[in-house]
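Since the structure comes first, as structure tokens, the remarks are kept for the end.
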Amino acid sequence: MSWMLFPDNTALSALVLFLIALPFLYAARMPVHEALMGLARAVAGSFRLAARWLSRSADALRARNKTVLLAHAREEAGAAIEREFERVMQLVTRDLSGYPALQRKLLDEITRVEEDYQRCNEVPPPPPNWTKAVETIAKIKDGGDGLVVKILEDIANSVDDIYGKIVTEYRRSYEERHKILKGFMPFWRSLQQTLTRVDRNINGLSDSAARIDALMEKYREIQAGSERMEQTLTSSAATQFVIAATVMLVALGGAFVNFWLIARPMSAMVGGGEYIAGGLEASHIAALVIILVEATMGLFLMEALGITHLFPRVQNMPERLRRRLLWVSFTILLILAGVEVALAVMREQIIAADMAFKQGLGGAATTPPAEIGWVASIPVAGQMILGFILPFALAFVAIPLEYFIFSGRTVLGALFVSLLRGMAFALRIGANIAKHLVVIVAKLYDAVVFLPVLIEHWVRGRGTGAPRAAGGAVGKRAVFDREQGS
Amino acid sequence: MRRLLVAFACAAALVGGGCADQGSHAQAVYLLVDTSGTYAKELPRAERVINYLLGTLNPGDSFAVARVKSRSFSEKDIVAKATFTKDPLAANQQKRVFKEQVAKLRQKAKGGSAYTDITGGVLQGAEFLNETGAGRKTILIFSDMQEELDKQVKRDVPLNLVGIRVVALNVTKLSTDNIDPRRYGGRLDAWEKRVREAGASEWRVVNDLEHLERIFRN
């Protein structure tokens with residue numbers, strides 16, 4: 001059955017149907033408006049409720065993130081302060097505990113230098129009593145008397161002799177003093193070194209004190225849980241996260257190289273053509289397991305060394321047990337590295353045999369390779385070295401892994417908070433859109449039934465003498481706005 | 001890299017709870033070489049196929065080469081067969097021996113036979129392949145697909161090729177095919193119908209031996 005009243009005229013049929021429906025549409029105007037308002041109220045209310053819940057969840061999550069972040073930062077700062085104090089303690093016990101001895105040595109050296117200095121003083125020449133005699137003799141006039149001349153000549157000779165002796169004695173005395181002064185040198189040097197050491201220790205102490213001051217300040221701020229500190233720590237965690245992720249990617253590249261290095265020869269150990277799951281060869285799985293075991297052993301090694309702190313139980317182990325764990329993990333790592341070296345040799349053999357066979361299949365005469373000596377063994381040696389080094393290099397992944405985990409918690413937490421807030425914001429926008437959309441729909445409905453509405457207004461206007469405020473959607477909107485509190 | 005990640009996931013699962021693959025991934029190939037009549041001159045091409053297969057088959061795979069010559073196909077017609085060990089070096093050695101055995105095929109093939117019992121060869125091949133327990137089973141027929149049977153031999157027995165892929169290689173045209181090309185197509189269609197009715201997973205014709213990798217392309 002067709003809806004068209006006039007089969008040949010669609011427009012006319014639609015118009016007639018519309019005119020028939022118009023009174024019904026007008027009659028249903030108020031219930032439709034109310035239904036729309038109810039729907040909008042339900043949608044907007046739900047959206048607002050969900051937005052509020054998301055905001056609260058985001059706040060709670062942020063508070064929890066902050067607690068974790070501050071706790072971790074407090075722990076880190078505490079450990080750093082402890083480390084600085086240890087350094088100071090070490091400095092004090094190692095260097096400054098010997099300070100009294102150092103001081104005594106310093107005083108002894110100074111005393112000795114002083115004594116030597118005293119000994120170096122210039123000895124004054126004996127009082128020149130003879131000068132008076134010389135003066136008296138000088139006043140004697142020879143008067144051509146031969147005896148006097150003789151006496152004077154003797155005196156002159158004696159004086160010359162004595163003068164010569166005195167000069168010699170004077171020079172000897174200076175020589176001795178120079179020797180003493182020369183003997184000063186090691187003491188001066190020692191003195192200078194001792195003073196430099198003391199100066200260095202004092203400077204080291206003062207640097208440590210400055211670092212401790214800065215750390216204490218940071219610790220106080222962490223303790224206070226200020227907004228600024230939270231932002232600083234989050235930003236620092238983001239940086240650490242990126243760095244750790246980059247380093248781990250590099251390590252993943254190393255693991256990839258290691259994997260292909262041992263995957264093929266593994267088929268000689270666990271059997272080629274054996275499959276475990278999903279078309280994966282058993283040799284590949286075995287190679288991967290070896291790499292994972294190496295990484296795990298590296299993790300335990302770092303943990304036992306106290307470099308990482310991923311396992312609290314390892315940290316709480318007695319020192320003796322921890323040292324045992326260290327040696328066990330190191331030994332396993334060493335054995336696995338040895339296995340990889342052997343596999344590297346095996347790999348080369350398999351490849352060589354395979355190549356020789358394929359050359360034979362191709363019909364090419366198998367000519368012996370040209371003599372290239374030790375150069376031919378470079379690839380094998382390279383593979384062996386790689387096989388030995390990579391397991392140990394992988395052991396260091398534990399350090400970025402620790403940072404990745406700790407900083408990841410903060411970064412992902414912050415991202416999740418942002419996501420929750422974004423969702424809450426979107427829901428609020430959705431609530432507003434729903435609220436306004438319903439008004440638009442109500443207006444459109446009124447536009448459809450505008451003719452009866454106009455008549456109604458006209459009739460009511462005549463009855464009261466004043467035009468009535470538009471009812472329906474507009475009036476309802478005010479009520480709705482009041483209800484939604486916007 | 002993707003394989004590494006999958007392997008990583010599987011290794012984790014293996015450590016956690018174990019994941020063993022029940023289905024076999026090994027491959028078994030049975031190559032029937034027609035050495036009858038004028039087709040015997042195509043033997044060097046067959047050797048190329050054998051060499052290709054020896055180069056591509058992995059440890060754990062099975063391979064057999066048989067000639068379709070006798071009046072009634074029997075075990076004697078199998079030139080070489082082997083299931084390669086899991087050790088790659090030992091498997092390499094096995095392949096060498098296999099190649100040496102196949103080299104005798106040319107000597108044996110001197111003087112073409114009047115009979116071509118392809119059906120008998122396929123029956124034996126299916127038996128061999130099912131015995132290997134391999135996951136992927138393939139019968140390669142290096143022939144013009146023209147069966148010449150003795151009157152006494154009955155080959156209207158039903159074939160069982162369930163789970164086996166059949167590939168016809170180097171199907172050359174006979175002089176009668178040149179006269180009436182419909183015969184060539186009809187012959188291949190008849191084989192395809194027969195093979196599919198026997199439950200073969202796939203029927204394929206590969207005449208371009210420059211691209212042998214097409215044999216195993218999925």
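Since we're looking at a predicted model, the values are computed, not measured. Below, chain A is the first sequence line, B the second, and so on; all start at residue 1.
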- At their closest point, which heavy atom of A:A356 faces which heavy atom of B:R96, and how far apart are they? CB-NH2, 4.0 Å
Kindly compute the distance separating [atom1] ([X]) from [atom2] ([Y]), expressed to the nearest 0.5 Å.
X: B:N58; Y: A:S267; atom1: CG; atom2: OG; result: 9.5 Å
X: B:L89; Y: A:F357; atom1: CG; atom2: CZ; result: 13.0 Å
X: A:D354; Y: B:N92; atom1: CG; atom2: CG; result: 5.5 Å

- B:K99 versus chain A, the contacting section by heavy-atom distance below 4.5 Å: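 Contact with chain A involves the side chain of B:K99 alone.
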- Evaluation steps, side-chain contact (heavy atoms from CB on, under 4.5 Å), between B:L54 and A:K358: CA-CA 9 Å; B:L54 282 174; A:K358 279 182 180 163; over 6 Å; no
Using a 6.0 Å cut-off, check whether atom [atom1] of [X] has over 12 heavy atoms from anything other than its own residue.
X: A:F392; atom1: CZ; result: yes
X: A:F416; atom1: CZ; result: no
X: A:M269; atom1: CE; result: no
X: A:M423; atom1: CE; result: no

- Note on the structure: Turns out that what part of A:M346 lies under 4.5 Å from chain B's heavy atoms comes down to side chain
